Every structure is written in structure tokens, then in C-alpha cells.
Number of protein chains: 2
Amino acid sequence: MSSPTTAPTLDEVARTAGVSRSTASRAINGGDRVSPEAQAAVDAAVADLGYTPNRAARSLVTRRTDSIALVVPEPDERILTDPFLAGTMRGVSAALGGTDLQLVLLFARPDEQPGRIVRYLRSGHVDGAIVASHHRDDELEEALLATRLPAVFVGRPFHPTPDLLYVDVDNVEGGRLAARRLVEAGRRRLATITGPQDMTAGVDRLTGWNEVLDAAGIAHDAVEAGDFALAGGAAAMERLLAEHPDIDGLFAASDLMAEGAMRVLAQHGRRVPQDVSVVGFDDLATAATTSPPLTTVRNPMITMVRDATDMLLDLVANGSKDFTPRVLAPELVERASV
Amino acid sequence: MSSPTTAPTLDEVARTAGVSRSTASRAINGGDRVSPEAQAAVDAAVADLGYTPNRAARSLVTRRTDSIALVVPEPDERILTDPFLAGTMRGVSAALGGTDLQLVLLFARPDEQPGRIVRYLRSGHVDGAIVASHHRDDELEEALLATRLPAVFVGRPFHPTPDLLYVDVDNVEGGRLAARRLVEAGRRRLATITGPQDMTAGVDRLTGWNEVLDAAGIAHDAVEAGDFALAGGAAAMERLLAEHPDIDGLFAASDLMAEGAMRVLAQHGRRVPQDVSVVGFDDLATAATTSPPLTTVRNPMITMVRDATDMLLDLVANGSKDFTPRVLAPELVERASV
DNA sequence: TTGTAAGCGTTATCAA
DNA sequence: TTGATAACGCTTACAA
């Protein structure tokens with residue numbers, strides 16, 4: 001093991017192994033059509049020299065970059081505390097285990113000129129992209145459709161086309177589950193704190209909710225907009241209580257908002273679940289630790305992200321576009337808040 | 001604007017601009033020694049063709065990759081809910097604004113073969129690295145010292161040497177601040193829930209704590225180990241109450257642990273701050289929303305991360321190693337838990 | 001100021 | 001199974 005001032009190249013490996021550069025290359029890449037002796041010699045040389053292929057050189061000829069992008073077009077500060085996002089990164093990273101693909105992080109920045117991310121994506125620096133936390137107006141759908149870049153959305157895009165792959169939980173059904181549970185519990189003055197209406201998850205959860213309330217003949221006039229975050233949930237709860245003091249059931253479209261809402265309820269002396277039943281959405285770690293523990297709709301985020309990554313890897317490797325979006329079933333997790 | 005099946009190359013730009021490839025290259029890279037006419041022609045061609053330089057080709061010759069790594073050697077699931085980590089990513093990403101550097105994410109994976117990250121770092125695929133959430137035994141310090149790869153630790157490494165750059169908050173002083181506040185409040189049966197002792201932040205906070213207690217002649221027998229996470233804090237609190245039921249003051253080395261501890265205190269009928277005063281560490285968003293709002297030691301994480309990134313960029317650009325570690329002052333944020 | 005030409009470290013083709 | 005050899009797209013002496 002020498003201590004080179006400059007990284008060893010394939011040429012050196014070949015030389016010390018006593019073979020040609022081509023043979024060395026083949027031995028390193030899967031070892032097809034290479035004799036056992038040559039293979040062994042190359043392996044030894046690689047180990048001895050501490051050789052790692054130069055990614056740039058390889059990428060230049062293979063036209064693959066061996067890296068994929070995780071795009072998070074979420075400009076605001078919420079990212080700081082969003083466990084969903086941390087989970088997404090973790091999930092992608094985990095799904096990349098085994099491959100030697102790298103994960104490049106592309107955050108939108110609050111002040112940036114629009115199109116930076118799109119430009120980067122178009123310029124062939126990554127083999128594919130996963131888009132999380134997608135908003136209506138971040139122009140990613142059209143842009144990705146225009147490129148041929150393999151991409152998978154986590155969360156249904158606004159204008160699904162056969163070419164736009166995505167993985168999502170059935171948010172409409174999730175909204176229904178929440179509504180049904182509250183109706184079953186005998187609650188009749190129902191309110192909801194919605195997610196952002198420029199995200200399909202926010203829209204869909206509300207759709208399912210409204211559907212069930214309509215069918216049950218229950219008014220759905222008590223609706224306040226939230227942003228999935230805790231403070232937003234608390235603020236929305238204040239407004240709800242001010243306008244609809246007789247509320248006896250609440251669906252918050254995220255656990256974080258549910259937690260914020262429950263704090264406000266407690267401050268106003270409303271007991272959960274005796275006075276008001278609460279259902280959340282996500283089933284993140286915190287849901288089990290709120291007081292009372294939160295009944296919530298489970299969002300199989302880890303599975304979603306893993307599926308999305310697997311789809312993307314397939315897409316990158318095989319180029320086949322004949323996937324269908326994968327929509328996972330949500331599930332009600334009963335705890336103590338209903 | 002044509003619609004090429006393959007990305008435009010520098011050659012095409014040069015051709016449509018009517019200049020040589022070298023001139024085009026110079027025009028694109030800063031425009032040194034390029035006539036205004038040539039510059040304009042190239043600019044037009046670039047815009048027209050939608051040209052973006054091929055990063056691999058460029059990297060091959062410049063020997064720079066224009067990307068830096070964020071290393072998170074944290075194998076367990078804590079990442080999922082750790083707001084510190086999310087903040088770190090955000091901060092690095094923000095500090096990269098303006099540059100066209102990309103951020104490559106390197107998570108440790110629970111099951112991976114050891115050394116994967118080190119190997120990647122050594123092989124010249126990134127121009128530098130920021131290391132967050134560093135543990136004693138992840139062998140990153142020696143490895144990075146051995147390479148010539150510019151690197152900055154967020155959080156003091158275990159064996160600082162002049163070549164190991166880092167940015168940190170003064171955790172020892174933070175521990176002191178917490179201890180002093182509790183002593184000032186007249187508390188005498190003091191307990192602490194420590195951070196992981198294989199991280200310098202965990203060790204240092206405890207050091208400062210012990211120091212003040214020693215000086216004040218207060219016993220520091222009530223010590224339980226935590227892991228910075230909420231559940232760990234709750235579990236530690238249970239143990240503390242079992243062994244030291246007379247506790248009247250608590251320092252938890254993270255806000256999350258403080259929150260977990262306060263829940264357990266509440267379950268045991270101990271009021272905060274009447275029966276037990278609590279001081280946390282970090283001052284993350286949640287600290288203001290616990291009940292009661294948490295008095296805590298402010299950890300200037302955003303500043304830390306930005307400083308670290310700036311140092312790294314300097315290091316990468318100028319190669320100068322004559323930096324000194326930057327240690328920021330913590331600050332006590334008074335709320336209602338003392 | 002411009003252009004020619006020589007690489008950068010790989011992989012891919014093809015003849016041996 | 002092997003090894004020359006030709007790309008891949010770019011930057012950078014160096015010469016003009």
C-alpha cells in the first residue's frame with residue numbers, strides 16, 4: 001500500500017497486475033470475459049493500490065452519473081422541523097443501500113431565481129430524480145415531462161399523465177377513514193383543519209372527509225386551512241373554537257396540526273376525547289406520545305419512499321416506462337383521542 | 001431553441017457562435033481574455049442551445065467535482081425525527097446558495113460494511129465534506145486526517161488537531177449555564193439526563209454541569225444517560241424518579257429529552273416548575289411550545305452550520321489550512337420551566 | 001485575443 | 001480471453 005500524492009489510476013492497476021487496461025477495466029466491472037488469473041491479479045492490485053474508479057471519467061463515457069437527486073421544492077422554514085422530510089431522506093438513502101448510487105439533495109431556496117432546480121435536472125448531472133413535497137406551482141411536472149429524465153413523485157402530482165410516475169397513499173380514503181371514525185363515535189359537530197390546498201395531499205384528505213360528511217348528512221362548514229405544521233394547527237384551532245364553539249369532533253390533516261390543536265383545546269378546557277374527539281394523519285413517532293395518544297390515519301411513508309426509489313432505480317436501469325402509479329392503502333390507528 | 005435528443009456540447013456552442021472551442025470555454029468560464037463580441041456570440045449560442053457544461057468532462061480535467069458531502073454517521077432511526085439534522089441540511093443547502101456546488105448526502109446505513117463512507121470520501125468524488133453528528137468510534141477523524149480532503153466538523157471531534165477544523169457551540173459553558181440557573185433558583189437536589197457519551201456534545205455538557213455543581217458543593221449523583229431523543233429522555237426520567245424521588249431540578253441535555261422528561265414528571269404528579277425546575281438544551285422550535293414553555297440553553301445551530309460551510313468553501317477554494325476552530329457562545333433562554 | 005492540440009481516466013469496439 | 005485504439009466533453013498550455 002503506497003501513499004500516493006495522487007489517486008491511483010486504472011493504468012497503474014493494470015500495470016501492477018500485469019494486464020492491459022482493458023482487462024483491468026473488465027475485471028473491475030463485473031469480471032465478464034476475464035480469466036480467473038487475470039481477475040485475481042487485478043483484484044490484488046486494486047486492493048494493494050487502494051484504487052477507486054474515477055467517477056467523472058467513467059461517467060463521461062458511460063453517460064451515467066450514478067447519482068440521483070432528491071428534490072424538495074419546499075422553500076419555507078418548515079423543513080427545519082418536518083419529520084416527514086427527514087424520513088424521506090432516510091428512506092431514499094436506505095433504498096439506495098447495496099447500489100453505489102449517490103444521493104444529491106436539491107432544496108429549493110427561498111430567494112433563488114426560479115428554474116434553478118429544473119435547469120440542474122435537465123443538464124444530465126443525475127440519472128433520475130425523486131420529487132417530494134411537491135406544490136402546485138413549482139412547475140416541476142411540466143419540466144420533468146419535457147426532459148426525458150426518469151423521475152418519480154412521492155405524492156400524486158396535480159396533473160397525472162401516464163408518463164408521470166408517482167407513489168402515494170390514498171389520501172381521499174384517509175380522509176374518509178377519519179370522518180367515518182368520528183361519525184361512528186357519535187360525533188355530529190365535526191370540524192377539520194386541512195393541509196395546504198396547493199398540495200394534493202391537502203386537497204385529497206379534505207375531499208374524502210367531505211364525501212363522508214355529505215353521505216352522513218352532516219354539515220361541513222367548520223373548515224380551517226393549516227400548513228401541516230404544529231403552530232398552524234394551533235392557530236386554526238383557535239379560529240375554529242371562536243366560530244364553532246360547539247365542535248365535538250376534529251380531523252387534523254397531520255399529526256403535527258392535531259398536536260397543536262389539542263394543546264389549544266386543553267387551554268380552552270376542552271377534554272380530549274370526552275368533549276372533543278380528535279383524529280390526526282400520518283402516525284409519526286409523536287402521535288403515540290401526545291396526550292392523550294392520538295388516533296390517526298397511518299401514512300406508510302417509509303414504504304412509499306422505498307417504493308418510489310425502487311421504481312426510479314428500475315426506470316433508470318431498464319428505461320421501461322410501463323409502470324403504474326402505486327397508491328397505498330391508509331389505515332386507521334386507534335389510540336385514545338376519539 | 002432546438003429540441004435535441006442529446007445535450008448540446010461545447011463544440012456546438014462554439015460552432016454556432018462562430019468561435020473556437022477554447023474561446024467558447026473561456027467565455028463560459030468567467031470571460032477572461034475574450035473580446036466583447038466573442039463573449040456576446042457565445043452567450044447567445046449558450047442561451048439558444050440551452051447549453052449546460054457536462055460536469056463529468058469538466059471535472060475530469062479540472063479535478064474538482066463541484067460538490068461537497070454532508071456526512072451523517074448516525075446509523076439509527078433517530079434521524080427520522082431529529083430536527084437538528086434537518087436543520088443541518090437546510091443550513092448547508094442555504095450556505096451553498098450562490099455557488100453552484102451540489103450537496104451529496106452520505107448517511108450511514110444500519111447494515112453497511114464499515115468504511116463505505118470513508119472510502120467514498122477518499123476517492124475524490126467530492127471536493128470537501130461537512131461531518132455532522134459525529135460519534136467517537138466512526139473512525140472519521142483519522143480517515144479524514146489521512147486524506148487531504150478538506151473537511152469541517154459540526155461539533156468538536158474527539159481528538160482535535162490543528163488540521164481538524166470544526167465549528168461548535170461551547171457545550172461546557174452550556175452545561176454551566178444550565179447548572180447555574182438551577183442553583184440560582186434555589187434548587188439543591190439536582191439531576192441531569194445526559195446526551196450520548198460517545199459524542200463530544202454529550203460529554204461536554206455534562207462536564208460543565210459537574211463543574212458548577214462541584215463548585216457549589218452540590219452532589220451530582222443523579223445522572224442518567226439519554227440519547228438526545230424524546231423517548232430516551234422519558235425513560236431516563238423514570239429511572240431518576242425511581243432512584244432519586246426528591247429531585248427538585250433537572251437539566252436535560254436536549255430539548256427533546258426535556259420534553260420527554262416533563263411528560264413523565266406530569267404523569268407522576270410533579271409540577272414544573274413548582275416541584276421541579278427543568279432546563280433543556282438546543283432551543284429548537286418545540287422548546288417554546290412545551291407546557292410549560294421550556295427554559296433552555298440556546299444552541300446556535302443555524303449559525304454553526306453556516307459557519308462550517310463557509311469555512312469549508314474557503315478551504316476548498318484557497319486550500320489555506322490556517323483556520324482556527326470556531327466556538328460559539330451559548331445563551332440561556334428563559335421561559336417558564338424554572 | 002484567438003486557435004491548435006494535448007490530455008484528464010474511463011469504457012467500448014473490434015480484431016487478434 | 002485479451003489488448004490496441006478510439007471516443008466521451010471539457011480545460012489549458014502554448015503558439016500564433
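Since the structure is predicted, the reported quantities are computational estimates derived from the model, not experimental observations.
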Provide a list of protein-nucleic acid N or O atom pairs under 3.5 angstrom, restricted to nucleotides 14-16 of chain C.
none

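- B:Thr23 and B:Ser20 share a donor-acceptor pair across their side chains, judged by distance under 3.5 Å alone.
- In this entry the distance linking CD1 of A:Ile28 with P of C:dT10 reads 8 Å, nearest Å.
- Every pair passing salt bridge (charged side-chain N to carboxylate O under 4.0 Å, His left out) that includes a residue from residues 15-37 of chain A is listed here, sequence neighbours excluded: A:Asp11-A:Arg21.
- OP1 or OP2 of C:dT2 lies within a sub-4.0 Å distance of a side-chain N or O belonging to B:Ser35.
- Between the side chains of A:His159 and A:Glu142, no donor N or O sits under 3.5 Å from an acceptor N or O.
- A:Tyr166 is linked by a ring-ring contact (aromatic ring centres under 6.0 Å, His included) to nothing, counting only residues two or more places apart in sequence or in another chain.
- Among residues at least two apart or in separate chains, ring-ring contact (aromatic ring centres under 6.0 Å, His included) pairs with a member in residues 109-128 of chain B are B:Tyr120-B:His125.
- If you check residues 11-19 of chain A against DNA chain D, the residues with a heavy atom closer than 4.0 Å are A:Val19, listed by number.
- Every salt bridge (Lys or Arg N to Asp or Glu O under 4.0 Å) that B:Asp307 has, sequence neighbours left out, goes to B:Arg326.
- Here the side chains of A:Thr9 and A:Asn54 are not in contact, with every heavy-atom distance at 4.5 Å or above.
- Residue pairs meeting the salt bridge (charged side-chain N to carboxylate O under 4.0 Å, His left out) criterion with at least one member in residues 49-67 of chain B, sequence neighbours excluded, are B:Arg64-B:Asp66.
- With DNA chain C read from its 5' end, the first of the two nearest nucleotides for A:Ser22 and B:Ala38 is the one closest to B:Ala38.
- Across the helix from C:dT1-D:dA16 to C:dA16-D:dT1, the helix axis at one end is tilted relative to the axis at the other end by 30° (nearest 10 degrees, each axis from five pairs).
- Contact annotation: the side chain of B:Glu12 never approaches that of B:Tyr51 to less than 4.5 Å [non-hydrogen atoms, C-beta and beyond].
- In this structure B:Val152 satisfies the side-chain contact (heavy atoms from CB on, under 4.5 Å) test together with B:Leu165, B:Val167, B:Ala308, B:Met311, B:Leu312, sequence neighbours excluded.
- Using a 4.5 Å cut-off on side-chain heavy atoms (C-beta onward), A:Leu164 and A:Leu145 make contact.
- Screening residues 91-107 of chain A for salt bridge (charged side-chain N to carboxylate O under 4.0 Å, His left out), with sequence neighbours left out, gives no hits.
- Here chain B contacts DNA chain D (any atom closer than 4.0 Å to a heavy atom, that is under 4.0 Å), and the contacts span D:dG9 to D:dT12 from 5' to 3'.
- The stretch residues 54-66 of chain B touches DNA chain C through B:Leu60, B:Val61, B:Arg63, each having a heavy atom under 4.0 angstrom from the strand.
- In this structure, the CZ atom of B:Arg21 is 12 Å from the P atom of C:dG3, given to the nearest Å.
- The shortest distance between side-chain heavy atoms of B:Ile28 and B:Leu10 falls below 4.5 Å.
- Under the 4.5 Å side-chain criterion, counting only non-hydrogen atoms from C-beta, A:Val71 is in contact with A:Leu140.
- Side-chain contact between B:Ile68 and B:Val104 is absent, with no heavy atoms from C-beta onward closer than 4.5 Å.
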